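No hydrogens, no waters, no symmetry mates; every other heavy atom, side chains included, goes into these values. Model, not experiment: these values are computed from the prediction.
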Amino acid sequence: MRMELDSSNLLVSESPQTATKKSKKKRKREKERDEGAAAAQLQNEPTINEQPRFDVKLHLVNNQFDKTPPVVGYFPSGYNPHKTNDINDAQEPNLLHAAPPSVKLYRNAQRTKVEKSSGEKNEKGRSSERLELVVSPNESNVEFVGNSYKGEAMAAQLCTYALGFFDKATQTLKIMPIAGNKILRMEPKLRGSHAADKELATFENAEITADQRTARLRQLNVQYGPKKSIIQDKKRQALRKGDDPLSQKDLGRKIENAPINKDALESISGHGARNIPPYNSSAITPQEAYPLDGIIITGEWDFLEDIYKILQVGGEVSSNAYPTFVCNRIQKLREIQFLKVPCNEMVNEDEVEKKRLSCIFSYITHLIKFKDQHSLDGASSARNHQFPSILRQKFFEMFNPDRRRLSVEKIDLLISYVLVLTLYADDFRTFPADVSNDLRMNPATVKSHYRNLGCKMEREKNKYLIILSVPLEFPQPKRKFRKR
């Protein structure tokens, strides 16, 4: 039997797995085709939202002490001072726009006065200026207040703010600083409510004196400072300790009734008359001629033990950190320990002498480094030198450097102090070559300073030996005779 099948009625069924695979491939091809067409269309279409570019000139505007820079603030409440009253516009469409809010800026009067007196040199004064901005909307009981000295403005600020203005006509971008370098947070307040803060504001704006600032810093140091700093502060306070206020009531009467020794006043004088350290012209020994206690006071010896501690541990004294005069005499300190005898008292005396000479060498070092720091030719050599705080303060009070330079009179006084200590270091018989090199002076000039101290000179081994003889004899000024 022969069977014929109609192809139109024949149903071909495929497995569901095959149909799924073909549909996935088809969808992938369609997706790739659509993406390609979209990319081609984007390339052919011109960019509509592209912003125009400008070639601008940048102009920086600096602070001017006679003008107030722009004040910048923001309203976290959402208030917009540029918008009109929407409620009034909705109720009365024909009503004119409401008046703009009033803006007032307050500045600290005392700080402004100091700022104007200092001029443009004090840029820090402007950054620390206290400002208060008040925005008062029209016909409203609420006003917005922002300040630069409390609240959010007291948070740490690690950047500098500036405001830019772009002028399309001149193609110029002006960048200028903002007032107080702060963006003020405008907080809403009822009118008159911040008047209760006047007492707090007065306390905050009050200026503290230098003594009060020093007392506060000292209190913080005592409470939270390291042990070494506390010990130094106690020694410093012991040196500055004055008389009891109760005992000063009758101080004037005691001074008036106190006997005055005129002979002592004539024999003992300070550096004010001859520009030299305190001396005693009627002294019998060289040690009495220039008392060492008048140069190095009692509280300063504890801060001069750097060389002594180096020798105690067997270290070497660096020639870069200490003058030539000191380095050439370190061996003298090392030899002191070999002069000891079995007697315990002599051992202690030698150790005391070694410590005394070490402190004298250290004091000479600080004087020379202080002179180098305030001179043009030696500033680099003393750049990293560390002064004890008690000596730095004393040197500034004695020599009073003006604009990091010493006057000629103060330089001569400092040199006189150095030369007197060199006499102590060499048992009042010294050669001026080393100290002349350290002071960067001509040896002849150093000799004249020694003569002004009452020293005499002798020739020894083709060198000049400086000797301090007593009683002191100072050179008399030469008389000028008129030529006939």
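- For the pair Lys410 and Phe399, the cation-pi test (distance below 6.0 Å, angle within 45°) is failed.
- Checked by atom type, the side-chain pair Ser358/Tyr363 shows no donor-acceptor distance below 3.5 Å.
- For CG of Asn442, the number of neighbouring non-hydrogen atoms (other residues, nucleotides, ligands) closer than 6.0 Å is greater than 12.
- The CG atom of Leu414 sits 12.5 Å away from the CD atom of Glu409 when rounded to the nearest 0.5 Å.
- For the atom pair SG of Cys359 and CD of Glu305, the computed distance is 5.5 Å after rounding to the nearest 0.5 Å.
- Residue Ile415 holds its CD1 atom at 10.0 Å from OG of Ser436, rounded to the nearest 0.5 Å.
- Between the OG atom of Ser136 and the CZ atom of Phe144 there is a distance of 9.5 Å, given to the nearest 0.5 Å.
- Taking the side chain as every heavy atom from C-beta outward, Asn147 and Leu184 never approach each other to under 4.5 Å.
- When only modelled atom types and interatomic distance are considered, Asn275 and Asp412 share no side-chain donor-acceptor pair under 3.5 Å.
- Residue Thr422 comes nearest to Tyr450 through the heavy atom pair OG1-OH, 2.9 Å, listed as atom of the first residue, atom of the second, then distance.
- The pair Glu300-Lys394 counts as a salt bridge, with a side-chain nitrogen and a carboxylate oxygen less than 4.0 angstrom apart.
- In this structure, Arg334 pairs ionically with Glu316, as a charged nitrogen and a carboxylate oxygen lie closer than 4.0 Å.
- Side-chain contact between Lys371 and Ile411 is present, with at least one heavy-atom pair separated by less than 4.5 Å.
- A side-chain donor-acceptor contact under 3.5 Å links Asp438 to the backbone of Phe325.
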### Task
Please lay out, stage by stage, how Lys182 and Tyr161 fare under the test side chain to side chain contact (heavy atoms under 4.5 Å, CB included).
CA-CA 7 Å; Lys182 301 283 186 182; Tyr161 295 105; over 6 Å; no
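- More than 12 heavy atoms of other residues, nucleotides or ligands shown are found within 6.0 angstrom of OH on Tyr74.
- Side-chain atoms of Glu132 and Val145, non-hydrogen and from C-beta on, do get closer than 4.5 Å to each other.
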#### Entry: Worked check of salt bridge (Lys or Arg N to Asp or Glu O under 4.0 Å) between Lys174 and Asp167
CA-CA 8 Å; Lys174 292 184 179 180; Asp167 188 355; over 6 Å; no
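- Atom-to-atom distance recorded for Ile175:CD1 and Phe165:CZ is 11.0 Å, nearest 0.5 angstrom.
- To the nearest 0.5 Å, atom CE of residue Met398 and atom CG of residue Leu413 are 5.5 Å apart.
- Between Leu419 and Val435, the closest side-chain pair of non-hydrogen atoms falls below 4.5 Å.
- With 3.5 Å as the limit, one finds no donor-acceptor pair spanning the side chains of Tyr224 and Gln219.
- In this structure, the ring of His366 has its center no less than 6.0 angstrom from the ring center of Phe370.
- For the pair Arg392 and Phe396, the cation-pi criterion (under 6.0 Å, within 45° of the ring axis) is not fulfilled.
- With a 4.5 Å cut-off on side-chain heavy atoms, Arg185 and Phe75 do not count as touching.
- Residues Asn221 and Ser229 bring a donor and an acceptor atom of their side chains to less than 3.5 Å of each other.
- A heavy-atom distance below 4.5 Å is not found between the side chains of Val135 and Glu143.
- A side-chain N or O of Thr68 and one of Arg107 form a donor-acceptor pair less than 3.5 Å apart.
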